[in-house]
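Chain identifiers are assigned alphabetically (A, B, ...) following the order of the sequence lines, protein sequences preceding nucleic acid strands; residue numbering begins at 1 within each chain. Just so you know, these numbers come straight off a predicted model, no measurement behind them.
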2 protein chains.
Amino acid sequence: MTRTISRPPATENEVALGDLSRSFGFLLRMAQVQIFEFFFEDLGQIGLRPGEFSVLWVLHLNPGIRQGLLAQALRIKRAHMTKMIRNFEDRGLVARAVPDDDRRAVELRLTDAGVAFVDDHAKAFFSHDARRPTPLDPQEQAQLFALLQKYVGITPEERR
Amino acid sequence: MTRTISRPPATENEVALGDLSRSFGFLLRMAQVQIFEFFFEDLGQIGLRPGEFSVLWVLHLNPGIRQGLLAQALRIKRAHMTKMIRNFEDRGLVARAVPDDDRRAVELRLTDAGVAFVDDHAKAFFSHDARRPTPLDPQEQAQLFALLQKYVGITPEERR
DNA sequence: TGTCATTTGTTTCCCAGTAGACAAATTTTG
DNA sequence: CAAAATTTGTCTACTGGGAAACAAATGACA
């Protein structure tokens, strides 16, 4: 049994969320939906998908990476990665190669077209964050980033 | 055109993410996948799904709420909400009623079984956050919550 | 009043993503 | 060495969720 009504439904059009607004998973979901909406509003028309671009980007930074390691790093299931990679292959963006020392594995690298695609879109993709309207001031934004990075276990890569 | 390779791949098994680790959307996705994994590990066997429970919970707090307003509050698409509600109805957890003053709308409320379901699971659901292992200390955790709440616009003070 | 526009929920069709079985290659173990 | 166990990617089948067209009800406006 739970104390449910912490306060009465406010206005006609206000929805009480109660403890839900203190649930980490719920907050993350709300934030992500919001982000996605603006992402497609901002970059949808040039045919850029966040997941897709992430894979190509990591391929760009890690040429020859094995498919499984790539999936693991981006937390994409292997079955799904297979489909994404085949799609990229069909579009001529990625090439697969089976290494001789382990013929189960698949090594991935961008084709020239793949490199061109990443180069074409990297600026738009990474500058998107700056365009997104946010109620947070820059310091709060930085704080949020740092906490999220720590939470997901990404050591912020040092750079100048 | 973008300068892409800022440095060589670090270790054999390390994956360079570059600017991706500074992308808000990416960080949110990583965090959410992590959260989901532990959620199902923790509560999956009792047949609890975060989205499902959220809907029932909000129904509990806002009896008679209209379907569309519920969807809007939880950022669930109306088409999808239709399916969820029908599912709840089939399971006897939710009852639908068409109000006389607007016969397009549907007002939702939990059945007795629905109330029982929420009461049965609320404690497990809301205490889940505390069980989840996290690298953040309590103060950082609180800070992260506050920033996310502010970001998604559900600060404790209601807005107009 | 009658016509047009909007709101509300539903339906249909589609796609991203998952679970789990699978085959092939490799590693481990007896 | 042979047999069992694990790793790696793929396949099939399924589910959650979205886009768009739709019908019914309501509201706006001439």
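For the pair A:Phe40 CZ and D:dA20 P, the interatomic distance rounds to 13 Å; values are reported in whole Å. Separating the CZ atom of A:Arg103 from the C1' atom of C:dT26 is a distance of 12 Å, rounded to the nearest angstrom. Remark: P of C:dT18 and CD of B:Gln32 are 12 Å apart, rounded to the nearest angstrom. Taking atom CD1 of residue A:Ile85 and atom P of nucleotide C:dA16, one finds them 14 Å apart after rounding to whole Å. A:Lys77 places its NZ atom 20 Å from the P atom of D:dC14, with the value rounded to the nearest Å. Residue B:Met81 contributes atom CE, which lies 10 Å from atom P of C:dG9 at whole-angstrom precision. Rounding to whole angstrom units, CD1 of residue A:Ile76 and P of D:dT10 are separated by 14 Å. The CE atom of A:Met84 sits 16 Å away from the C1' atom of D:dT10 (whole-angstrom rounding).
Nearest-nucleotide positions on DNA chain D for A:Ala105 and A:Arg29 put A:Ala105 closer to the 5' end. For the pair A:His80 and A:Arg104, nearest-nucleotide mapping onto DNA chain D gives the more 5' position to A:Arg104. The nearest heavy atom of DNA chain C to A:Asp101 and to A:Arg75 marks one nucleotide each, and the one closer to the 5' end goes with A:Arg75.
With hydrogens and angles disregarded, no donor-acceptor distance shorter than 3.5 Å links the side chain of B:Arg96 to the backbone of B:Gln67.
Contacts of A:Arg78 with the nucleic acid, taken as non-hydrogen atoms under 4.0 Å apart, include base atoms. Among the protein residues, B:Ala79 comes within range of the nucleic acid bases, having at least one heavy atom under 4.0 Å from a base atom.
For B:Gln72 and B:Arg78, the side-chain atoms include no donor-acceptor pair closer than 3.5 Å. Using modelled atom types and a 3.5 Å distance limit, the side chains of A:Arg131 and A:Ser127 yield a donor-acceptor pair. Counted by atom type alone, A:Arg22 and B:Gln149 present zero donor-acceptor pairs between their side chains at under 3.5 Å.
The nucleotide whose nearest atom lies closest to any side-chain atom of B:Lys83 is, among C:dA25, D:dG9, C:dT12, C:dT12. Candidate nucleotides D:dT26, C:dT10, D:dG18 were compared by shortest atom distance to the side chain of B:Gln67, and C:dT10 ranks first.
Closest approach of B:Asp129 and A:Phe24 over heavy atoms only: OD2-N, 3.0 Å.
Between B:Arg49 and D:dG16 there is a side-chain polar atom (N or O) within less than 4.0 angstrom of OP1 or OP2. The phosphate of C:dT10 (OP1 or OP2) has a side-chain N or O of B:Arg96 nearer than 4.0 angstrom.
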